[in-house]
Amino acid sequence: MTEGTTSAAAEGGDTLTRLEQEGEIAADYLEGLLDIADLDGDIDMDVEADRAAVSIISDSSSRELQKLVGRDGEVLEALQELTRLAVHRETGDRSRLMLDIAGFRAKKREELAAVGAKAAADVKASGEPLKLAPMTPFERKVVHDAVAAAGLRSESEGEEPQRFVVVLPA
């Protein structure tokens, strides 16, 4: 191994260690939150696409955890930001941690990937750009990825909270 390869491997290991640490801090924070709210849930941690990913899952009815998701994931988004702040307080670094509760975000990701694929197919057929409805940053990212996988380009336009994706013809 060359020196550059060794340092790149060490840097990758450092990144993984840092992301695992973020997940541990987030899990501790969320366990405290679940205790305060008297909700049952297990914490699952992973590293996905260069970010810490933390999920709260429950063996019992996920109806209880739906309180932590809220309408259209609004409470989930707020909890994710609070969890990121807790990680930032401990590490001093900005976190890109993703939080999922009761599989809400995983299900949403599947739905949005289908929206992106359909939009790409429609644009390929018509040859015209297509503007989608306003979306959160998470939602836009999933759609951009689906459009790219279909071989087209997309851009985000507008100002939050009315920012939307435009799918462009080839």
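- The shortest distance between side-chain heavy atoms of His144 and Ser156 falls below 4.5 Å.
- At least one side-chain heavy atom of Arg84 sits under 4.5 Å from a side-chain heavy atom of Met98.
- A donor and an acceptor atom, one from each side chain of Gln66 and Arg71, are nowhere located under 3.5 Å apart.
- Side-chain contact between Arg163 and Met135 is absent, with no heavy atoms from C-beta onward closer than 4.5 Å.
- A salt bridge is defined here as a Lys NZ or Arg NE, NH1 or NH2 lying under 4.0 Å from an Asp or Glu carboxylate O, and Glu77 with Arg105 meets this definition.
- Under the 3.5 Å distance criterion, with hydrogens and angles disregarded, no donor-acceptor pair is assigned to the side chains of Ser95 and His88.
- Within the 4.5 Å cutoff, no side-chain heavy atoms of Leu34 are placed close to those of Asp40.
- The side chain to side chain donor-acceptor pair (under 3.5 Å) contacts involving residues 114-127 comprise Lys118-Asp122, where partners must be two or more places apart or lie in separate chains.
- Listed by chain and number, the residues in a side chain to side chain contact (heavy atoms under 4.5 Å, CB included) with Val115 are Leu132 (sequence neighbours excluded).
- Within 6.0 Å of CG in Asp38 there are 12 or fewer heavy atoms belonging to other residues, nucleotides or ligands.
- Taking a 6.0 Å sphere around CD of Glu160, one finds it holds more than 12 heavy atoms contributed by other residues, nucleotides or ligands.
- Using a 4.5 Å cut-off on side-chain heavy atoms (C-beta onward), Val54 and Asp44 make no contact.
- For the atom pair CD1 of Ile36 and CD of Glu31, the computed distance is 12.0 Å after rounding to the nearest 0.5 Å.
- Residues Tyr29 and Leu82 have side chains in contact (heavy-atom distance under 4.5 Å, counting atoms from C-beta outward).
- Look at Asp145 and Lys141 and you find a salt bridge, because one of the NZ, NE, NH1 or NH2 atoms lies within 4.0 Å of a carboxylate O, short of that distance.
- With rounding to the nearest 0.5 angstrom, the CZ atom of Arg109 is 7.5 Å from the CG atom of Asp100.
- At a threshold of 4.5 Å between non-hydrogen side-chain atoms, the residues Pro129 and Pro169 count as touching.
- Interatomic distance, Phe104 CZ to Leu65 CG, rounded to the nearest 0.5 Å: 13.0 Å.
- When every heavy atom of Gln80 is checked against every heavy atom of Leu99, the shortest pair comes out as OE1-N, 3.0 Å.
- Atom CD1 in Ile56 sits 4.5 Å away from atom CD1 in Ile43 (nearest 0.5 Å).
- To the nearest 0.5 Å, atoms OG1 (Thr83) and CD (Glu22) are separated by 11.5 Å.
- Side chains of Leu130 and Val123 form a contact here, defined as non-hydrogen atoms less than 4.5 Å apart.
- Rounded to the nearest 0.5 angstrom, Asp46 CG and Leu19 CG are separated by 10.5 Å.
- When hydrophobic residues (I, L, V, M, F, W, Y) are linked wherever their side-chain heavy atoms come within less than 4.5 Å, the members clustered with Leu168 are Phe164, Val166.
- In this structure a side-chain-to-backbone donor-acceptor pair under 3.5 Å is missing from Glu110 to Lys107.
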